[in-house]
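Below is one structure; the comments refer to it alone.
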Amino acid sequence: MEPRSVLVTGAGSGLGLAIAQHLARHGYRVVGTVRSPARAELLTRKAQQEGLPLRYLPLELTSAADRDAVVHAMEAQGGLDVLVNNAGFGIFGAIEEVPAQAVARQFAVHVCGPLELTRRLLPLLRESKGRILWIGSLAGRLALPFQAHYSATKAAIASLSDALRIELAPHGVEVTCIEPGDFATGFTQAREVLAPAGSAYAVQVATCLAAAQEQERSGGDAVQVARVVARLLQRRHPPARRPVGRLARMMSLLARLLPEKLRERLVAQNYGLELHA
C-alpha cells in the first residue's frame, strides 16, 4: 500500500518539524511548509540527504497565492490523506496596549489563513476519507494573562475543529484538536512582545513573561507531541480533543471542575501574579 500523504504547516521548527520528521520516519509521505522559499529548498535538501520522504513548500498563510500553490501541489501529487494545521506564533502584551494590526495578524495566521487552506483542501480529504489535526493549546481552555489574543485564537481553533468534526463525520473524515502544554521549542524566541515604554502594566508583563519563558524552556521534548499525532492517525475513531503533557491533562480536567474564581487564581499564581479581592 502506498504511504499515506500528509501536509504539515509550520514544519520548519518546533512542534511542526518534530511532527513532520517523525511521520516521515514512520512511513508517511510528508509535505511540510515554511514561510521562506529559500528555507523550503534548504530543508528539502536536508531531508533528502537524510533519506526522508519529506519535502517543503513555501507558504505564507495570509497569502491567497501561496495557499493556492499548496492546494495545486497536493492535487498534482494525487491527493491528501492528512492535514496538520500547526503554523503559528504568539504575541505578548496587555489587551489595552496591543495594536489592532498585531491582533489582526494573530487571527489571520492562526485562524483565517488555516481555515481557508482547510476549506480548499476539503474535497481531497473527503475523497480520501482523511484526517484533520489542529494543533491547539492548553491556552485555548484557560485564557492566559497578557496572552489573550493567542488564547483567543486557540479557543477559536478548538471550536472550528469541533464543528468540522460534526460536519465531516458523514463523509468519513475524522477531526481532532491537539492541545499541548509547554514544550521546549523555538516558540519562546519567536514570540512578539508588545510592551511600550511607560506601560501601566510593565511590572505584571515582566513577571508574567519571565514565568512563561521559564515554563516553556523547561518543557518536554516536542517529539512527545509527534508521537501522539502518530498514534491518533492509527486510531479508527480519535477523540475530539487531546491534551498532551501531564500539566495539560491535569489543567484540562481542572478547567472543567474548578469554580471560576479558583481557576482564575490558579492561573494568576502560575504566572507570578496576584489577584486582589
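Positions are given from 1 along the sequence.
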Reported NE2-to-CZ distance for the pair H237 and R235, which is rounded to 0.5 angstrom: 10.0 Å

Closest non-hydrogen contact found for A158 with C177 is CA-SG, 3.9 Å

What distance do L160 atom CG and E167 atom CD have between them, rounded to the nearest 0.5 Å? 9.5 Å

Residue pair L15 / N86: nearest heavy atoms and the distance that separates them: CB-OD1, 3.8 Å

For F89, does the six-membered ring have the charged nitrogen or CZ of R105 within the cation-pi criterion, i.e. under 6.0 angstrom from the centroid and within 45° of the normal? yes

When every non-hydrogen atom of L232 is compared with those of R131, the smallest separation belongs to O-NH1, 2.9 Å

Rounded distance [0.5 Å steps], CD in Q106 versus NZ in K154: 8.5 Å

Which heavy-atom pair separates I135 from I157 by the least distance, and what is that distance? O-CD1, 4.4 Å

When you compare the side chain of L80 with that of S128, does any pair of heavy atoms fall below 4.5 Å? no

dist L121:CG -> E127:CD (nearest 0.5 Å) comes out at 12.5 Å

Salt bridge check, R141 against E179: does any charged N sit closer than 4.0 Å to a carboxylate O? yes

Of all the heavy-atom pairs spanning V109 and L61, show the shortest one and how long it is. O-CD1, 3.6 Å

I need the S5 OG to M74 CE distance, nearest 0.5 Å. 7.5 Å

Determine whether V173 and R126 make a side-chain contact, defined as any pair of heavy atoms from C-beta on separated by less than 4.5 Å. yes

Tell me if the CD atom of E75 is crowded by more than 12 foreign heavy atoms within 6.0 Å. yes

Test side chain to side chain contact (heavy atoms under 4.5 Å, CB included) applied to L54 and Y28, step by step: CA-CA 9 Å; L54 169 59; Y28 291 86; over 6 Å; no

Short question: side chain of T9, backbone of T33 - any donor-acceptor pair under 3.5 Å? no

Short question: side chain of T44, backbone of Y56 - any donor-acceptor pair under 3.5 Å? yes

Show your reasoning for whether side chain to side chain contact (heavy atoms under 4.5 Å, CB included) applies to L125 and I132. CA-CA 8 Å; L125 291 163; I132 301 173; 3.7 Å; yes

Can you confirm whether P99 sits close enough to L194 that some side-chain heavy atom of one is under 4.5 Å from a side-chain heavy atom of the other? yes

So CZ of F146 and CG of L209: to nearest 0.5 Å the spacing works out to 10.5 Å

Could you tell me if the side chain of L133 sits less than 4.5 Å from the side chain of V175, heavy atoms only? no

Residues passing the side-chain hydrogen bond (donor to acceptor under 3.5 Å, both in side chains) test with S199, sequence neighbours excluded, are E97

Sub-4.5 Å side-chain heavy-atom contact between K261 and P259: no

Quick one: list whatever passes ring pair (Phe, Tyr, Trp, His ring centres under 6.0 Å) with H22, sequence neighbours left out. H26

All salt bridge (charged side-chain N to carboxylate O under 4.0 Å, His left out) counterparts of D162, not counting sequence neighbours: R241

Between D66 and R35, is there a side-chain N and carboxylate O pair less than 4.0 Å apart? no

Should V34 and L43 count as side-chain neighbours, where that means a heavy-atom distance under 4.5 Å? yes

If you group Ile, Leu, Val, Met, Phe, Trp and Tyr by side-chain heavy-atom gaps below 4.5 Å, do I95 and L144 land in one group? no

Hey, are the side chains of V82 and L7 touching, using non-hydrogen atoms and a 4.5 Å cut-off? no

Report the C-alpha distance between Y150 and H110 in whole Å, list the side-chain angles of each, state the deciding distance to 0.1 Å, and finish with yes or no for ring pair (Phe, Tyr, Trp, His ring centres under 6.0 Å). CA-CA 8 Å; Y150 177 82; H110 278 192; 5.6 Å; yes

Give the intermediate values and the outcome of side chain to side chain contact (heavy atoms under 4.5 Å, CB included) for residues Q77 and H72. CA-CA 9 Å; Q77 76 170 14; H72 294 329; over 6 Å; no

Mind listing the closest non-hydrogen atom pair of L124 and G79 along with its distance? CD2-CA, 4.3 Å

Is Y201 linked to V193 within one hydrophobic cluster, defined over Ile, Leu, Val, Met, Phe, Trp and Tyr using a side-chain heavy-atom separation of less than 4.5 Å? yes

Walk me through it: do R67 and R120 pass the test side chain to side chain contact (heavy atoms under 4.5 Å, CB included)? CA-CA 9 Å; R67 294 193 301 264; R120 294 286 312 281; 5.5 Å; no

